[in-house]
Amino acid sequence: MIIAIDGPSGAGKSTIAKLLAKEFGIDYIDTGAMYRAVALKVMGAGTDTSDADALGALLDGTDVDFAGGQVLLDSEDVSGQIRTPEVSMEASRVSAIPAVRKKLVALQREMGVRKSVVMDGRDIGSNVFPGAEHKFFITASPEVRAERRRKELAGKGENASFEEVLADIRKRDWDDSHRALNPLVKTDDAVEIGTDTLGIEAVLGAIKKYLQ
Ligand code: DC
């Protein structure tokens, strides 16, 4: 069984996906974390991503995996490091590069054929697993998502203004949905759920109803 959850950043996808995975006792694959891990590696190595050979070499030597709720980049736990605003912007940029998508989509397909998963991202229902049995598209207005993200950052002691966070969200929305390859899109067979006024429990309840 594959449950595909797509939508823009900050809509609540990962919270919902994690709870669903727990409920059904299956694995949760956070594909955004995989793009973030590659972005972190590119930033650390200072790789010129327009140099196909350099990027190819970096990707060939890159392993991204999950274990015990942690995101592993070349076996190192990078779960905390990949959640900064800088990595968010870089992840959005590198995710538009065909070689990066080719590598990560192949990894994601491998993870999904081995076992039942809940996978969240931007192109799971449209590209990674177009034949997935269950597809959900989780949305919320940019303002609501920006306020959630601002609070989350403040909770980690990082104070960003609402306007700054909103501008980042709008830029990522635009870039993620306008890139040439596998852009963020709602497929016709996905169930759309808006989370502006729905709490987590209500969203979870709605999804479980569809799954039954
Ligand atoms: O969900 P997230 O914010 O952690 O994702 C980080 C970036 O990765 C996002 O800006 C777009 C990209 N991404 C993607 O292109 N395809 C996916 N399946 C998941 C994420």
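We number each residue from 1, following the sequence as shown. Counting convention: from 1, in listed order, for ligands and their atoms alike. Because the structure is predicted, anything quoted here is derived from the model rather than measured.
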Counting from 1 in the order shown, the ligand 1 atoms closer than 4.0 Å to a non-hydrogen atom of D123 are 16 (N), 17 (C), 18 (N)
Heavy-atom distances under 4.0 Å are what count here, so tell me which part of R179 touches ligand 1: side chain, backbone, both or neither. side chain
Any luck finding a side-chain donor-acceptor pair between T15 and R148 under 3.5 Å? no
Close N or O approach (R122, ligand 1; < 3.5 Å): yes
Here the atoms of ligand 1 under 4.0 Å from any heavy atom belonging to R36 are 2 (P), 3 (O), 4 (O), 6 (C)
Consider only side-chain N and O atoms of S92 and D176, and report whether a donor and an acceptor are under 3.5 Å apart. yes
Per-atom contacts, ligand 1 versus S92 - under 4.0 Å to a heavy atom: 10 (O)
Are any of the N/O atoms on T31, whether in the backbone or the side chain, positioned under 3.5 angstrom from an N/O atom of ligand 1? yes
Who clusters with L153? Use side-chain heavy atoms, under 4.5 angstrom, across I, L, V, M, F, W and Y, and order the result by chain and number. V165, I169
Nearest protein heavy atom to atom 8 (O) of ligand 1, by residue and atom, and its distance? Y35 CB, 3.5 Å
Salt bridge check, E163 against R150: does any charged N sit closer than 4.0 Å to a carboxylate O? no
If the test is salt bridge (Lys or Arg N to Asp or Glu O under 4.0 Å), which one of K186, R179, R101 qualifies with D123? R101
Where ligand 1 meets S95 - atom numbers and elements under 4.0 angstrom, heavy-atom basis: 11 (C), 12 (C), 15 (O)
Residue and atom name of the nearest protein heavy atom (relative to atom 7 (C) of ligand 1), distance in Å to one decimal: A91 CB, 3.8 Å
Treating Ile, Leu, Val, Met, Phe, Trp and Tyr as nodes and any side-chain heavy-atom pair under 4.5 angstrom as an edge, say whether F24 and V203 lie in one connected cluster. yes
Per-residue contact class, R172 against ligand 1 - non-hydrogen pairs under 4.0 Å: side chain
Are I97 and L181 connected, step by step, through hydrophobic side chains (Ile, Leu, Val, Met, Phe, Trp, Tyr) whose heavy atoms are closer than 4.5 Å? no
Does any donor atom in the side chain of R122 or S95 lie under 3.5 Å from an acceptor atom in the other side chain? no
Checking heavy atoms under 4.0 Å, the part of R101 that sits near ligand 1 is side chain
Polar-atom distance check: S9 versus ligand 1, any N or O pair below 3.5 Å? no
